Participant: 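What follows is a single structure, and I will ask about it in a moment.
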Protein chains: 2
Amino acid sequence: MRLVVARCQIDYAGRLTAHLPMATRVLMIKADGSVLVHSDGGSYKPLNWMSPPCTLREGATEDGQVEWTVTNPKTDDTLRILLAEVISDSSHDLGIDPGLQKDGVEKHLQELLADHPGTLAEGLTLVRREYPTAIGPVDLMCRDAVGLSVAVEIKRRGDIDGVEQLTRYLELLNRDPLLTGNGAVRGIFAAQEIKPQARVLATDRGIACAVVDYDALRGLDDPSHRLF
Amino acid sequence: MRLVVARCQIDYAGRLTAHLPMATRVLMIKADGSVLVHSDGGSYKPLNWMSPPCTLREGATEDGQVEWTVTNPKTDDTLRILLAEVISDSSHDLGIDPGLQKDGVEKHLQELLADHPGTLAEGLTLVRREYPTAIGPVDLMCRDAVGLSVAVEIKRRGDIDGVEQLTRYLELLNRDPLLTGNGAVRGIFAAQEIKPQARVLATDRGIACAVVDYDALRGLDDPSHRLF
DNA sequence: AAGTGAATGTCGAGG
DNA sequence: CCTCGACGTTCACTT
């Protein structure tokens, strides 16, 4: 890992072209040759970057300025960095990172709802998770109190895409006589947050919406919240 | 901008929880208090981060180790960094960045196709760009060789979402007698790359697909390619 | 290798 | 302020 603080000007050419005027920035060069250009603001996304695999070639312009050329041989992307003044340049051996452990994403939400389908609708019971169809798996296939099939689509953030997805599933499922024997398959759109447009579209299509409280669900599994 | 190289262990709690075991990493602390944790690999996304607005508080554990606590008062996200060994710690004043100038994204594709609708279908002419409807603007509204209306949806990468979007437009447009006077409004789905699933869905719905060559289109506008 | 869906997405425009 | 769609999306996982 090499860290360079420098006054520089940068040009990128790849899927788009982009230009950064001369200014002081931080250049991070990783062991795999990838390069990140950061300014003192914005969020985690660099102003500009090159993804691996790529190689950095150090050269000079006619007038003696240092110029880096970073190229990705697979995509033909190039990043040209003109260095007007190097303020700091240091290298460090970081070793291999053990990696990030995550908890609390959509998969966990699905697991929790699979364990507690009754929180979505009174009397709902799980038939199976990841119920397979020709166009992909339905998150939860359930049966309601009177024995009708219910397809549940789970999102962390519920927007129109999720409603469209569930609609496609329902169209397909409602062609299956095994599921529709007792009546049409209903849909429930479950998310931690449901956007107004998504709610309107869902309602228009007869799909129920369920806003899920992740912490409350987790509480159901937490021994300290149990009654016995 | 402060750059710290340190052996550290990190815990994040916010929309999810995440943990990074003890290892050597680069910590980037920006002027707005935001923090980025980078390892010597991966791409531009940090292993962990805190977005502004947030504040960094430097403290110590019982056993004397340095501990940083970064908090975002709005979202209640917290990042706890336990520093076992600081290898390097430097600060630099970068000033304000003039910002990035981009060229070559979807807007340009739309401009080029608006100038050359005939490349989408023989005899197609532009009626107007960003044709307004109740559910949003249609990228290009055109008329074909025999006077029928054609709605064009443009994407850089064409996947199912785009087909759904165009379908919604077509449903709405086909209720307008002014447009359907001569016959139903047709749809063209134009993208630099069309995913197989999107193509199948489009075809199933009678929507034509057009793969657009950005460079060739640009060539039509380039004086050096003109015949006269 | 290619496709598909999630993401602590981020970012910017427009209402 | 919120909502929506694009993104050099990136990323992980499946086929």
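Every chain is numbered from 1, with letters handed out A, B, ... down the list of sequences. If you're wondering where the values come from, they're calculated on a predicted model, not measured in any experiment. All values below come from the heavy atoms of this structure, side chains included, with hydrogens, waters and symmetry mates left out.
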Participant: Taking ring pair (Phe, Tyr, Trp, His ring centres under 6.0 Å) as the cut-off, I'd like each qualifying pair that reaches into residues 185-218 of chain A, sequence neighbours left out, listed once.
Facilitator: none
Participant: Looking only at side-chain N and O atoms, does B:S91 offer a donor or acceptor that is under 3.5 Å from a partner on B:R2?
Facilitator: no
Participant: At under 4.0 Å between heavy atoms, what does B:Q165 touch on the DNA or RNA strands: base, sugar-phosphate, or nothing?
Facilitator: nothing
Participant: Is A:D159 touching bases, backbone alone, or none of the nucleic acid, heavy atoms closer than 4.0 Å?
Facilitator: nothing
Participant: Between C:dA6 atom P and A:L109 atom CG, what is the distance in whole Å?
Facilitator: 12 Å
Participant: Could you tell me the separation between the CZ atom of B:R80 and the P atom of C:dT8, rounded to a whole number of Å?
Facilitator: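 Distance, rounded to whole Å: 20 Å.
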Participant: Nearest whole Å is fine: how far is D:dC7 P from B:R157 CZ?
Facilitator: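 My rounded result for the distance is 10 Å.
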Participant: Please give the distance between the C1' atoms of D:dT14 and C:dT8 as a whole number of Å.
Facilitator: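 Approximately 24 Å lies between the C1' atom of D:dT14 and that of C:dT8.
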Participant: Considering heavy-atom distances to DNA chain D, does B:K74 or A:A198 have its closest nucleotide positioned more toward the 5' end?
Facilitator: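 Final value for this comparison: B:K74.
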Participant: Does a side-chain N or O from A:K102 land closer than 4.0 Å to OP1 or OP2 of C:dT8, or not?
Facilitator: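 Yes, A:K102 has a side-chain N/O under 4.0 Å of OP1/OP2 on C:dT8.
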Participant: Side chain of B:Y12, heavy atoms from C-beta onward: which of C:dA6, C:dT8, D:dC4 has the nearest atom to it?
Facilitator: C:dT8
Participant: Within the 3.5 Å criterion, strictly below it, is a donor on B:R205 or B:T167 matched to an acceptor on the partner's side chain?
Facilitator: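 Yes, B:T167 and B:R205 have a side-chain donor paired with an acceptor closer than 3.5 Å.
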Participant: DNA chain D: A:K107 or A:K195, which has the more 5' nearest nucleotide?
Facilitator: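 The residue whose closest nucleotide sits nearer the 5' end is A:K195.
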Participant: Any side-chain to backbone donor/acceptor pair from A:N72 onto A:D77? Under 3.5 Å, distance only.
Facilitator: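 Absent.
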Participant: Which whole-number value in Å describes the distance from B:Q110 CD to D:dA6 P?
Facilitator: 11 Å
Participant: I need the CD-P distance between A:E193 and D:dC4, as an integer number of Å.
Facilitator: 10 Å
Participant: Once you apply a heavy-atom cut-off of 4.0 Å, does A:K155 come out as touching a base, just sugar-phosphate, or nothing?
Facilitator: sugar-phosphate
Participant: Are a donor atom and an acceptor atom from the side chains of A:Q192 and A:K155 found within less than 3.5 Å of each other?
Facilitator: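 Checked: A:Q192/A:K155 side chains show no N/O donor-acceptor pair below 3.5 Å.
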Participant: Tell me the interatomic distance from B:H38, atom NE2, to D:dT10, atom C1', rounded to whole angstroms.
Facilitator: 13 Å
Participant: Round to the nearest Å and state the distance from B:E164 atom CD to C:dT4 atom P.
Facilitator: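 Rounded to the whole Å, the gap is 14 Å.
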Participant: Which is more 5' along DNA chain C, the nucleotide nearest B:L79 or the one nearest B:Q197? Just name the residue.
Facilitator: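 On the 5' side of the pair lies B:Q197.
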Participant: As an exercise, state the distance from CG of A:L201 to CZ of A:R199, rounded to the nearest 0.5 Å.
Facilitator: 12.5 Å
Participant: Listed in order of residue number, which residues of residues 40-51 of chain B have a non-hydrogen atom at under 4.0 Å from DNA chain D?
Facilitator: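 Those residues are B:S43, B:Y44, B:K45.
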Participant: Counting only heavy atoms not in B:D93, do more than 12 sit closer than 6.0 Å to its CG atom?
Facilitator: no
Participant: In whole angstrom, give the distance that lies between atom CD of B:E130 and atom P of C:dG15.
Facilitator: 11 Å
Participant: Going by atom types only, do B:H19 and A:K102 share a side-chain donor-acceptor pair under 3.5 Å?
Facilitator: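 Their side chains do not contain a donor-acceptor pair, so the 3.5 Å distance test is not met.
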Participant: As a test of reading the structure: which of C:dG5, C:dA6, D:dC4 is closest to the side chain of A:E106, going by heavy atoms?
Facilitator: C:dA6
